[in-house]
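Report on the following structure.
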Protein chains: 2
Amino acid sequence: MSPAAMDALPPLAPVDREESLAGKVYRRLRAALMSGRLSPGQKLVHRLLAQEMQVSPTPVREALLRLVSEGGLDLDARGIAWVPRLAPERYKEIMELRVELEGRAAARAAELATPEDIAALRAIHARVAEGRLRNDARMVLTENELFHFHTIALARMPVLQRMVESLWVQAGPTINLLFTVPRPVAPQDHPHVALLAALAARDPVAARAAVERDLREHGAVLADMLARPAAPAG
Amino acid sequence: MSPAAMDALPPLAPVDREESLAGKVYRRLRAALMSGRLSPGQKLVHRLLAQEMQVSPTPVREALLRLVSEGGLDLDARGIAWVPRLAPERYKEIMELRVELEGRAAARAAELATPEDIAALRAIHARVAEGRLRNDARMVLTENELFHFHTIALARMPVLQRMVESLWVQAGPTINLLFTVPRPVAPQDHPHVALLAALAARDPVAARAAVERDLREHGAVLADMLARPAAPAG
DNA sequence: ATTTGGTGTTTGCTATAGCAAATGCCGGTT
DNA sequence: AACCGGCATTTGCTATAGCAAACACCAAAT
């Protein structure tokens with residue numbers, strides 16, 4: 001085998017092993033954070049969770065600690081895990097970092113995306129738009145997330161991707177709590193459409209600008225909601 | 001207590017609790033990664049580590065899994081933790097992200113730093129320069145790290161700071177393995193000096209540029225070393 | 001020299017138990 | 001009604017045990 005052929009070989013993939021129980025629990029909790037099924041202020045007690053999930057406490061504890069490590073859960077003074085309530089400044093910081101990192105990923109994606117990649121994104125965006133028409137918040141959130149992470153994956157920057165995931169985990173409960181379906185916009189006005197055009201045109205600058213616009217518009221709405229004083233107790 | 005006085009109160013600090021054993025182990029391992037005492041390719045077996053540290057395996061396992069979660073350690077197909085060897089592309093991605101995130105922190109720090117902050121940074125930098133004069137790699141690395149994280153802390157962006165720490169943990173073993181003390185430069189030519197001047201002048205653009213220059217110069221040297229084929233076996 | 005099979009050891013992962021500290025509940029007192 | 005004390009329960013954290021799979025080592029066969 002010549003050196004050139006070695007260079008052309010894909011890297012060896014790790015041998016798939018059955019996922020551990022702790023890994024399964026972690027994924028479920030992580031998805032629950034990103035999708036808002038776990039709400040800000042919720043307490044997660046590993047023994048109780050273990051009972052609910054009908055597993056022993058050790059893997060649940062491990063899963064919770066993983067999520068703490070990536071910022072998705074906070075520990076209180078006693079070591080109990082809680083879903084964080086985002087202060088406005090924290091939310092603002094997270095969104096600022098998303099603008100930068102997701103914008104960077106989009107720019108890179110514009111250099112690397114294939115027509116098939118772009119077609120897949122179009123299909124996802126069509127479902128985002130449908131969710132908007134149907135005023136279906138769950139659908140919009142789910143497909144929007146899929147759209148974003150599909151885009152980011154095109155950039156082939158694994159460290160950045162993991163960072164962005166962590167930001168989504170951190171912001172997920174709050175975003176989902178506050179989210180209302182935006183009014184439908186004219187199809188050509190949606191930032192996703194601008195991003196798709198930029199990807200097709202292999203234009204990194206336009207791709208970044210589209211993502212920035214998307215996140216800034218969306219982020220400003222929620223930032224306003226967060227900055228309001230809490231409603232009087234009903 | 002009037003609303004204005006409430007706004008002026010510092011946030012309640014969490015009650016300090018004695019750090020758990022797992023937390024202690026985590027900190028030690030993390031510091032070992034950042035400082036290079038753990039080398040790329042090293043295998044970390046939780047039972048053996050527990051014996052060395054004279055603690056039981058559970059907290060060691062928890063500490064290792066935390067470090068896996070933040071990217072500092074990789075798991076192989078069998079679930080064993082290893083200190084990662086950085087491929088050139090991975091190193092490049094990490095440095096690119098550091099340039100962006102640390103640059104951003106420096107720009108923010110330029111807006112927020114007090115004269116006392118800047119004096120403290122000068123003192124740290126003086127020790128960096130001394131380490132260079134003495135050709136003391138350990139001293140340079142230690143003080144340089146202190147300089148960087150002192151700067152980042154001035155930005156008061158906790159999410160960003162945690163991300164940067166994670167990047168340092170990921171790159172620490174490789175950087176320390178390859179590091180050689182750069183030749184001393186004229187004092188005014190060191191990027192830290194440019195950063196200090198930018199902080200004093202409250203100039204975010206110059207601050208960012210100084211950090212970018214620092215990281216790019218340093219990063220290019222190591223990227224070259226990583227890109228070279230491994231030396232023939234001796 | 002290489003391959004195969006058997007055996008012992010290692011290792012991750014999970015389950016369980018137990019300790020100490022914190023929390024919650026209830027009754028009694030003011 | 002509010003406060004206090006006693007007791008039971010909860011909870012994090014750690015230690016230990018055990019299972020299954022993987023690995024390492026060695027001897028025998030080719």
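Letters go in sequence order (proteins before strands), and every chain restarts at 1. Just so it is clear, the structure is predicted and the values come from calculations on it, not from any experiment. FYI, side chains are in, hydrogens and waters are out, and symmetry mates aren't considered; it's all heavy atoms of this structure.
Here the C1' atom of nucleotide D:dT14 and the NZ atom of B:K24 are 12 Å apart, to the nearest Å. Between B:L44 atom CG and C:dG12 atom C1' the separation is 14 Å, expressed in whole Å. Distance A:D74 CG to D:dG12 P: 15 Å, rounded to the nearest Å. Between B:E62 atom CD and C:dG12 atom P there is a gap of 15 Å when expressed in whole angstrom units. If you measure from atom CG of B:L75 to atom P of C:dT11, you get 15 Å, rounded to the nearest angstrom. A:L49 places its CG atom 15 Å from the C1' atom of D:dT10, with the value rounded to the nearest Å. Atom CG in B:L48 sits roughly 16 Å away from atom P in D:dC23 (whole-Å rounding). The distance between atom CG of A:D76 and atom P of D:dT10, rounded to the nearest whole Å, is 18 Å.
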Q.
Base contacts versus sugar-phosphate-only contacts with protein, heavy atoms under 4.0 Å: please encode nucleotides 16-21 of chain C as B, S and - from 5' to 3'.
A. B-B---

Please table the atom pairs, donor to acceptor, closer than 3.5 Å between any side-chain atom in residues 36-50 of chain B and protein atoms at least two apart or in another chain.
from, atom 1, to, atom 2, distance (Å)
B:R37, NH1, B:S35, OG, 3.1
B:Q42, OE1, B:S39, N, 2.8

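Residues meeting the ring-ring contact (aromatic ring centres under 6.0 Å, His included) test with B:Y91, sequence neighbours left out: none. A:E165 meets the side chain to side chain donor-acceptor pair (under 3.5 Å) test with A:R30, A:Q161; sequence neighbours excluded. The side-chain contact (heavy atoms from CB on, under 4.5 Å) search around B:V164 returns B:L101, B:E102, B:F149, B:I152, B:L160, B:W168, not counting sequence neighbours.
Residues A:V68 and A:D74 are not in side-chain contact: their nearest non-hydrogen atoms beyond the backbone lie 4.5 Å or more apart. You'll find the side chain of B:L97 stays beyond 4.5 Å of the side chain of B:Q170, heavy atoms only. B:R85 places none of its side-chain heavy atoms less than 4.5 Å from the side chain of B:L177.
Residues from residues 65-72 of chain A lying near DNA chain C, meaning a heavy-atom separation below 4.0 Å, are absent.
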Q: In sequence, state the C-alpha distance, the side-chain angles, and the governing distance for B:E100 and B:R104, and then conclude on salt bridge (Lys or Arg N to Asp or Glu O under 4.0 Å).
A: CA-CA 6 Å; B:E100 175 50 46; B:R104 186 168 287 257; 3.2 Å; yes

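Mapping B:K43 and B:L21 onto DNA chain D via the closest heavy atom, the residue that lands nearer the 5' end is B:L21.
Of the side-chain N and O atoms in A:H46, one or more sit less than 4.0 angstrom from OP1 or OP2 of D:dG12.
Of the candidates C:dT11, D:dC13, D:dT11, the closest approach to any side-chain atom of A:R61 belongs to D:dC13. Comparing C:dT14, D:dG12, D:dT14 by their nearest atom to the side chain of B:A22 picks out D:dT14.
A salt bridge does not link A:E70 to A:R162: none of the charged nitrogens lies less than 4.0 Å from a carboxylate oxygen.
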